[in-house]
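For reference, positions follow the sequence shown, starting with 1. No hydrogens, no waters, no symmetry mates; every other heavy atom, side chains included, goes into these values. These figures come from a predicted structure and were not determined experimentally.
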Amino acid sequence: MTNTMKAAVWHKARDLRVEAVEIPTLKDPHQVKVKVAACGICGSDLHEYSAGPIFIPVEEPHPLSQQRAPIIMGHEFAGEVVEVGERVTRVKPGDRVAIEPILSPNKDGQYLMERYNLTPLLGFHGLSGGGGGFAEYTVVGEHMVHPLPDSLSYEQGALVEPAAVGLHAVRQSSLKAGDNAVVFGAGPIGLVIIEALKAAGASRIVAVELSAARRHKAADLGAWVVDPREQDAVEQVHALTHGGADFAFEVTGIPAVLNQAINATHAGGETVIVSIWETEAAFQPNDLVIKERTMKGIIAYRHIYPAVIALMEQGYFRAEDLITARIALKDIVDQGFEVLLNDKSHIKIMVEP
């Protein structure tokens, strides 16, 4: 039996290679070995491929994974447990699991911090070393695995990670049932924020998006849509929400859009920044001060996978609404990353090892 497997390994920007690597083994009694069934390509993966490194450690090894580039990518994934360490109690071989890929200080199968996503050592399995989901197998800590109910497919399991970002963003806002909201950017994360807003009881949701295909997706999910090339986005949001949105979610990472998001809210409104930024952004503080608006950021998620899985069982975050292509691992560069860079009609491309 061979001890190698295929994996997509990041060497540098625009240099992602599918190559043979050693199959990982358990090195800790609280570790779990997973046979990957499905792994989505994330927007942050795309940033690393086109303009990285951002999260990927290059000069120094990541303090938790003890690895640096070249590293295996892929952090939105689900699979089957094939082996467990002697102290693992949460899962057993044969269990179907979704992986929470956050690297944060942990001990004895548990994260040490209550708000573990805010550690200065924050990293991600599949971005910061230690293995990844664009591979046949990977090894993770027991604290990173969440059982999947039989009613949910492995593809749904791979969507738990991006859906967790959307649900965390909405739960960290002050939104209450009956409030309205605008989402700037209807890519994968924007769409799961729309779903999370629906689950939270938002009365009206507006999506501002350049791509016609993504506007159609947002409309299919129940949002009112705005094309910022055809209309003044801020004026249109004020019109559709009868005076300005209660909440704005910024999911583009584009400086001009941040200003639109702030000004699309009414006096006292709140803007939540969800995107990861490659550049600095300028805004006029008086846009916050004079209208007593607030602005906050969120990173990833915490303590939320079970809630996402429960909502999926109720029909939220459906794979059929979000997955636009399925490809083999060997085709991940040409049919995955390069396609996503050049075709904004895609939402989520799912990779099957």
Side-chain angles (χ1 to χ4, degrees), residues 2-12 15-42 44-45 48-49 52-58 60-85 88 90-91 93 95-106 109 111 116 121-146 154 157-158 160-162 300 305 328-330 332-333 336-337 350-353:
T2 178
N3 65 342
T4 63
M5 64 177 183
K6 294 292 186 185
V9 180
W10 187 96
H11 289 262
K12 61 185 180 190
D15 186 4
L16 181 68
R17 308 174 200 169
V18 177
E19 52 195 33
V21 301
E22 196 171 321
I23 295 175
T25 57
L26 301 180
K27 294 182 171 61
D28 180 279
H30 284 283
Q31 285 185 329
V32 175
K33 185 175 179 179
V34 176
K35 185 179 192 297
V36 179
C39 185
I41 300 178
C42 175
S44 54
D45 293 330
E48 296 285 0
Y49 174 74
I54 299 166
F55 280 105
I56 291 176
V58 173
E60 298 289 332
H62 188 276
L64 297 178
S65 73
Q66 297 298 312
Q67 289 188 3
R68 62 177 180 174
I71 61 103
I72 299 171
M73 292 189 77
H75 62 277
E76 299 181 355
F77 66 102
E80 178 187 348
V81 175
V82 293
E83 188 181 353
V84 299
V88 170
R90 291 178 64 181
V91 293
D95 284 355
R96 304 161 71 254
V97 291
I99 307 303
E100 180 169 2
I102 288 183
L103 298 183
S104 183
N106 60 88
Y111 288 114
Y116 54 86
L121 304 178
L122 180 67
F124 295 87
H125 187 86
L127 281 174
S128 309
F134 294 143
E136 296 175 63
Y137 297 91
T138 194
V139 168
V140 297
E142 178 182 14
H143 57 287
M144 299 161 73
V145 298
H146 296 266
Y154 280 124
V160 174
E161 199 277 345
Y305 264 50
L329 179 61
K330 65 182 177 63
I332 192 170
V333 175
F337 282 87
M350 198 61 66
V351 180
E352 299 171 2

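- Not a single donor-acceptor pair under 3.5 Å links the side chain of W10 to the backbone N or O of I56.
- In this structure the side chain of V36 never reaches within 4.5 angstrom of the side chain of Y154, judged on heavy atoms.
- Within the model, atoms NE2 of H143 and CD of Q31 stand 9.5 Å from one another, a figure rounded to the nearest 0.5 Å.
- Within the 4.5 Å cutoff, the side chain of V333 has heavy atoms near those of the Y49 side chain.
- Across all their heavy atoms, G130 and S65 have their closest contact at N-CB, 3.9 Å.
- The side-chain heavy atoms of P93 and V84, taken from C-beta on, include a pair separated by under 4.5 Å.
- Under a cut-off of 6.0 angstrom, the local environment of CD in Q66 is crowded, with over 12 non-hydrogen atoms contributed by other residues, nucleotides or ligands.
- Using a distance-only test at 3.5 Å, with no hydrogens or angles considered, no donor-acceptor pair links the side chain of S128 to the main chain of G123.
- With rounding to the nearest 0.5 angstrom, the CZ atom of R90 is 11.0 Å from the CE atom of M144.
- Panel note: side chain E136, backbone K6; a donor-acceptor pair is recorded below 3.5 Å.
- A pairwise comparison of heavy atoms in V58 and R68 identifies O-CD, 3.3 Å as the closest pair.
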Verdict with supporting geometry, Y137 and E83, side-chain hydrogen bond (donor to acceptor under 3.5 Å, both in side chains): CA-CA 11 Å; Y137 297 91; E83 188 181 353; over 6 Å; no

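- Between the CD1 atom of I332 and the CE atom of M73 there is a distance of 8.0 Å, given to the nearest 0.5 Å.
- Within the 4.5 Å cutoff, the side chain of M350 has no heavy atoms near those of the C39 side chain.
- With a 4.5 Å cut-off on side-chain heavy atoms, T138 and I72 do not count as touching.
- Contact record, P24 with V139: CB-CG2, 3.8 Å, taken as the closest heavy-atom pair.
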**V97 and V91: CA distance, side-chain angles, deciding distance, side-chain contact (heavy atoms from CB on, under 4.5 Å) verdict** = CA-CA 8 Å; V97 291; V91 293; 3.8 Å; yes

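- Applying the side-chain hydrogen bond (donor to acceptor under 3.5 Å, both in side chains) test between D15 and each of K12, H11, R17 identifies R17 as the sole match.
- Side-chain contact between F77 and H125: present, with at least one pair of heavy atoms (C-beta onward) separated by less than 4.5 Å.
- Between G157 and A98, the closest heavy-atom pair is O-CB, 3.6 Å.
- Expressed to the nearest 0.5 Å, how far CD of E161 lies from SG of C42 amounts to 6.0 Å.
- Shown are D45, L103, L127; of these, the side-chain contact (heavy atoms from CB on, under 4.5 Å) with F55 is made only by L127.
- Nearest approach of P53 to E48, heavy atoms of both residues: CA-OE1, 3.3 Å.
- Scanning all heavy atoms of the two residues, the minimum distance from Y111 to I102 falls at OH-O, 2.7 Å.
- Summarising the geometry, atom CD1 belonging to I99 is positioned 13.0 Å from atom CD belonging to E76; distances are rounded to the nearest 0.5 Å.
- Between E19 atom CD and M5 atom CE the span is 11.0 Å, to the nearest 0.5 Å.
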